[in-house]
4 protein chains.
Amino acid sequence: DKPLVVGKFQFRSRLFTGTGKYTTFDLMRDSLAASGCEVTTVAVRRERLIDSEGRNLLDYLDLKRYTILPNTAGCFNAEDAIRHARLARELLTNLENPGADWVKLECLADKKTLLPDPIDTLKATEQLVKEGFQVLVYTSDDPVLAKRLKDAGAASVMPAGSPIGSGQGVLNPNNIRIILEYLKAGDPDYPVIIDAGVGTASDVAAAMELGCDGVLLNTAIASAKDPVRMAWAMRYACEAGRMASLSGRIPKKLYATASSPIDGMIAPTSRHS
Amino acid sequence: DKPLVVGKFQFRSRLFTGTGKYTTFDLMRDSLAASGCEVTTVAVRRERLIDSEGRNLLDYLDLKRYTILPNTAGCFNAEDAIRHARLARELLTNLENPGADWVKLECLADKKTLLPDPIDTLKATEQLVKEGFQVLVYTSDDPVLAKRLKDAGAASVMPAGSPIGSGQGVLNPNNIRIILEYLKAGDPDYPVIIDAGVGTASDVAAAMELGCDGVLLNTAIASAKDPVRMAWAMRYACEAGRMASLSGRIPKKLYATASSPIDGMIAPTSRHS
Amino acid sequence: DKPLVVGKFQFRSRLFTGTGKYTTFDLMRDSLAASGCEVTTVAVRRERLIDSEGRNLLDYLDLKRYTILPNTAGCFNAEDAIRHARLARELLTNLENPGADWVKLECLADKKTLLPDPIDTLKATEQLVKEGFQVLVYTSDDPVLAKRLKDAGAASVMPAGSPIGSGQGVLNPNNIRIILEYLKAGDPDYPVIIDAGVGTASDVAAAMELGCDGVLLNTAIASAKDPVRMAWAMRYACEAGRMASLSGRIPKKLYATASSPIDGMIAPTSRHS
Amino acid sequence: DKPLVVGKFQFRSRLFTGTGKYTTFDLMRDSLAASGCEVTTVAVRRERLIDSEGRNLLDYLDLKRYTILPNTAGCFNAEDAIRHARLARELLTNLENPGADWVKLECLADKKTLLPDPIDTLKATEQLVKEGFQVLVYTSDDPVLAKRLKDAGAASVMPAGSPIGSGQGVLNPNNIRIILEYLKAGDPDYPVIIDAGVGTASDVAAAMELGCDGVLLNTAIASAKDPVRMAWAMRYACEAGRMASLSGRIPKKLYATASSPIDGMIAPTSRHS
């Protein structure tokens, strides 16, 4: 299998993790290791980066092992998100960390749903691209907005499968199919990464089988009863879904000898290679 | 994780494979190896065991590596199925193969749908149990019939997720949940194995997440465009689903801060251990 | 539209109701009237027919308006069900009610799930057909058992959409599709009636759109907060689903100009007439 | 039941129809009559309003019976949509038709998917509200954009169930639930109308059961094999779904005596009244 390419970065693992909500830094470290991830995302807002005892989350991550993907979680408008993206660049530049070059943009609408705001998300993307950031942009599964974000220069569009922390998986596979059709037309390697909503292993496999290039998740591991074991589950599920998407699955039929497939024909990504 | 126990047998892998529909014996061998299975099922009807060139399928399997699970595929009533189970026992006894002790019972209704016949399936189960077989019985997802088959002495009940070769996965998770509730009441290690209908990796993961003890599949690998790669996908998906089922997944919510979970509470098998 | 024919009976309404669980007889009467049903089913077990004040449910039904369909609810084996079917015949014969000629057979497995027992259901069907009953038989959605019940002489096969009182609608439309294919092959007017599991109006419409000939429900009306209004909803939904099934719906597509339909082609019953 | 109120308008019927795609004007007239609609929407782009023989669609509608809702179908940016909204106002003012006061805004992204463009849709809404239009705005099911459109002054937000003409019904009920939560908070009568994607009667009923205030559809009737009969089906389904949403449905359970409901508790709109 070829590597996942996002802008100037290349990875073998297609599972990105988050660093929030773990009960201890040790548990976070063990879970990240179990997940096999090469990228982990870190919120750069001060109240998220520094815990109540004054400890900096970055001090508990092996920065040689993981590429840090800074994110703007907790920002509720374009200005705030842009400011924190710049802050992240400065911070990681000082650490001589390659993550200084990219950012996961989150412009959220409110604290209740943590859904992304489409207008400010687009505005911030345009500005950050102008400033030379490689922008990985969290968005809804609206295909037209996804296309506009790619057109604005985003290095990767990251549609939500369902609301952050909701554990519902990909609620609308059809929108993801249209997003893939839009964004990969004439550009088959453009990375589309499902971000948010995953609850369990089969959700990850199903997202990959749709033809997505990766999955980013946090709560599903961090808030499981056994995060380390769930991290292993997610790692295998991501591999499984990726390989299945490349293997040319059998069509769905009412029964095996029925004359017509049910919906196998719309699978957009039987990229048998 | 503890091993899967079916009657007198114990296995680490929870993925059982079939041996039908491969274009060549070599492809079959490579796919089985990739799947990591320890059990593979073989149809004992003459026309299935011996190919058009007179070659016996068993000669192409590493009998030291795999436990052979003989099956009665192609039998359309109890008598025929019983006769072929006895034939299988004789055949495998002569080969000094441990698979002589068990059988996967298939009593099918017709060639069009390959759905199991409930009446003859129960009748054959009763007879074969009497004759000392360890019966793994293929059945529909009817929870009451599943319970009757266990009561008749089946070593494992194997409900179909969907019709053989249909690639639709588990169509009715609720029936599987009730089967698990029925069959594992006071007997949590009784093995329930999804047999038939799986199409892709996420189907296997989802079946395991319901709390099933294993998955048996054939067409999904053998008829994929790239069977070896799909076998790897299924192997990882089975591991992923098993681990996820043991990890205590997060509840489903409309959004993360919504007050009520959606259906997390009915997950019957968050067997956090 | 042609009438629904079940054995010697003919009806314009395709919605059958039950008479259980209403808080008062008046509410039952008003709800039945609102539903537009011509058939209502009555449990003949003494503890269900006669309430705690000694009142007989039949005295509160307009026997001129409704055809009574006696049922064997509360019977947990073939013998008990057969006995109550005979009792029903005697009772309704004495009342000179045409419902004496038919019976809705329920042979249940246990009080917890109220799922039908396949073995005793088939046995009782065979016996009651022999005794001249027109048997409408409640069963699971197992297509092979459904076929066996028709072959045994049942006047109508009534598969459950989901467990009695569960409110989940038709959980496995594919099984219903196969049942319709099996039972209507060469016999397009053979009545298949969804019995049990309906929760709301769209469930009824969807069941009819699959090509079923009618729907029987009870809890969804009787236990709604406003039973009379829900009865109206069910009446309209049954009409709506029936007409839609006759109108040749548009195919499902990813979007309107997509080249391939998604699953429109498997709709078994676009009986445009 | 109380009437549907949209801005200054009041209606008893909650089903809005379109006027496109009919093979003849007569069939359109009969279908509209059968649907029981009081509102029908008409595209004001010249190539849609005037047919190849020079006939004006409006001449074939009973303008006393129906309130005309002009729409901007065929417009692919804000400017074009605004221009056509103004044109509609002029046209209907000249006809002394009350429909002069409102407009259904469609700003589409492309001809292939007919998905709405979020940015131009918001921009055009702001402008048209400024010009005194009552704007009913077609949008995706993105809850945040829906909220922004209401905040911009839209008289009704009309989320797509699925792409125009796709016949898939409401693909993501959870987004619709969140939209209803957002838009009806403190304003329970604010009208949310599902626009686009409906394929058959149960789709309409299900949309209403979610708590939506109405449904607008066109292709599902116009392109059915029997449009007049399908129009009747949709009429009844809309009534059925509305009444069901007011009737307090039973909760979903694994089986009736199971201890926990499955997801009944999240039904946002058991507006028992």
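In the text below, chain A, chain B and the rest are named by the order of the sequence lines, each starting its count at 1.
- From B/Tyr236, atom OH reaches atom CE of A/Met243 across 5.5 Å, with rounding to the nearest 0.5 Å.
- For A/Glu239 (side chain) and B/Ala233 (main-chain N/O), no donor-acceptor pair under 3.5 Å exists by modelled atom type.
- Taking CD of A/Gln168 as the start and NZ of B/Lys253 as the end, the distance is 11.0 Å to the nearest 0.5 Å.
- Pairing each heavy atom of A/Ala240 with each of B/Ala237, the nearest pair is CB-N, 3.5 Å.
- Separating the OG atom in B/Ser245 from the CZ atom in A/Arg229 is a distance of 8.0 Å, to the nearest 0.5 Å.
- In this structure, B/Glu209 contributes its side chain and A/Thr200 its backbone to no donor-acceptor pair below 3.5 Å.
- Between chain B and the residues A/Gly167, A/Ala205, A/Gly165, the largest count of heavy-atom pairs under 4.5 Å involves A/Gly167.
- Taken to the nearest 0.5 Å, the CH2 atom of B/Trp232 stands 15.0 Å off from the CG atom of A/Leu246.
- A/Ser202 contributes atom OG, which lies 12.0 Å from atom CE of B/Met208 (distance to the nearest 0.5 angstrom).
- Heavy-atom distances place the backbone of A/Ile164, and not its side chain, under 4.5 Å from chain B.
- Side-chain contact check for B/Thr257 versus A/Lys111: every heavy-atom pair is 4.5 Å or farther apart.
- In this structure, the side chains of B/Arg249 and A/Met230 come closer than 4.5 Å at one or more pairs of heavy atoms.
- Closest approach of A/Ile250 and B/Thr219 over heavy atoms only: CG2-O, 3.7 Å.
- Between chain A and the residues B/Gly241, B/Ala201, B/Pro163, the largest count of heavy-atom pairs under 4.5 Å involves B/Ala201.
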